[in-house]
Amino acid sequence: MISAPRVPLSDGSSIPQLGVGTYKVPADVTADLVAGAIAAGYRHVDTAALYGNEREVGEGLRASGVARDDVFVTTKVWNDDHGFDETLRAFDASAERLGLDRFDLYLIHWPIPSADRYVDTWRALVRLREEGRVTSIGVSNFSPAHIERLRDETGVLPVIDQVELHPRFPQNALVDWNAAHGIVTESWAPLARGGLLDEPVLADIAARYGKTPAQVVIRWHLDRGLVVFPKSVSLDRLRENGDVFDFVLDSADHAAIANLETGERTGRDPDLD
């Protein structure tokens, strides 16, 4: 059984360090995948309004038979719903689809600085937390400048910043800035959308530990104290991704992986929206 440690959050809550991502998981397989992942020991599921599978994630949660309070559920408000009232309505719609009256973590999916509405969206998240409808609130794809504006205009910092992060794009400065402000960094596209799996450096490290390159990269995230949720439509692969708690990478491994940095993104730059 997969048993991930929990990472403390600045609001007194905590989040399982390893989770299951559902981006681009087809709706018709999502429920079975989520239920199977929970049966395998996962206790953290990440979805979003954008993904079009919140309803099926909720079905999988219920089918698992595991108590609601034992599974950490994240969803996100999409760009079209920025604004205070719009975000409250978007929350209600996500809650209806998921069949939940409370989320463990609710995120602003992107800042969309060109729209200049993310502060009002953040105020709605603060309201939802105050009302007990959300345990923790955070952001996704926010830079320090975006987060500083949230703090300056509302007095509330996010507990998590979920960003693209992988060995080619390790986001060292952002991780350090977040840590200095009590913000946990969470990695999406942790395997660079599969683009890292043929890297000879990773293959060599994997061979020494009797692991796969994917497991090495996931361990790299965990060793850095990051929260990570690799995605797969294969339950066997999800089980394999979770088999990463019986080894740690040494300093030489981390140095070798650091050489893979290129600054290459697989997604868009949030500062350019």
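Count residues from 1 along the sequence. Nothing here was measured: the structure is a model prediction, and the numbers come from that model.
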With under 30° as parallel and over 60° as perpendicular, where do the rings of F103 and F91 fit, or are they tilted in between?
tilted
For residues 259-267, run the donor-acceptor check on the side chains, cut-off 3.5 Å, and write out each pair with its distance to 0.1 Å, sequence neighbours left out.
residue: T262; atom: OG1; partner: E264; partner atom: N; Å: 3.1
residue: T266; atom: OG1; partner: E164; partner atom: OE2; Å: 2.9
residue: T266; atom: OG1; partner: R193; partner atom: NE; Å: 2.9

Any idea how F169 and H166 line up, ring-wise: parallel (<30°), tilted (30 to 60°), or perpendicular (>60°)?
tilted
Just say parallel, tilted or perpendicular for the rings of H44 and F72, cut-offs at 30° and 60°.
perpendicular
Tell me whether L88 is reachable from I108 by hopping between hydrophobic residues (I, L, V, M, F, W, Y) whose side-chain heavy atoms are closer than 4.5 Å.
yes
Spacing of CZ belonging to F247 relative to NZ belonging to K211, to within rounding of 0.5 Å
5.5 Å
Are S140 and D161 close enough, and set up right, to give a side-chain hydrogen bond (donor to acceptor under 3.5 Å, both in side chains), and what steps lead you there?
CA-CA 5 Å; S140 182; D161 188 12; over 6 Å; no
Rounded to the nearest 0.5 Å, what separation is found between the CG atom of L107 and the CG atom of L125?
8.0 Å
What's the separation between atom CG in L150 and atom CG in L157, rounded to the nearest 0.5 Å?
8.0 Å
Are R123 and D120 ion-paired here, with the side-chain N under 4.0 Å from a carboxylate O?
yes
Pick from D104, D11, T74: which one makes a side-chain hydrogen bond (donor to acceptor under 3.5 Å, both in side chains) with S136?
D11
Does R208 pair with D253 as a salt bridge, N-O distance under 4.0 Å?
yes
Check the hydrophobic clustering (I, L, V, M, F, W, Y; side-chain heavy atoms under 4.5 Å; chains of links allowed) and say if V159 and V139 are grouped together.
no
Does the plane of the ring in W110 sit parallel, tilted or perpendicular to the ring in W188? Use 30° and 60° as the thresholds.
perpendicular
Does the cation-pi check pass for R149 over Y118, that is, NZ or CZ under 6.0 Å from the six-membered ring centre and within 45° of its axis?
yes
Does Q215 offer a backbone N or O that forms a donor-acceptor pair with the side chain of T212 under 3.5 Å?
yes
Evaluation steps, side-chain hydrogen bond (donor to acceptor under 3.5 Å, both in side chains), between R129 and T135:
CA-CA 6 Å; R129 187 188 65 181; T135 301; over 6 Å; no
D69/R43 salt bridge by N-O under 4.0 Å criterion
no
Group every Ile, Leu, Val, Met, Phe, Trp and Tyr by side-chain heavy-atom contacts under 4.5 Å, then state whether V227 and Y42 land in the same group.
no
Side-chain touch E54/T75, heavy atoms, less than 4.5 angstrom:
yes
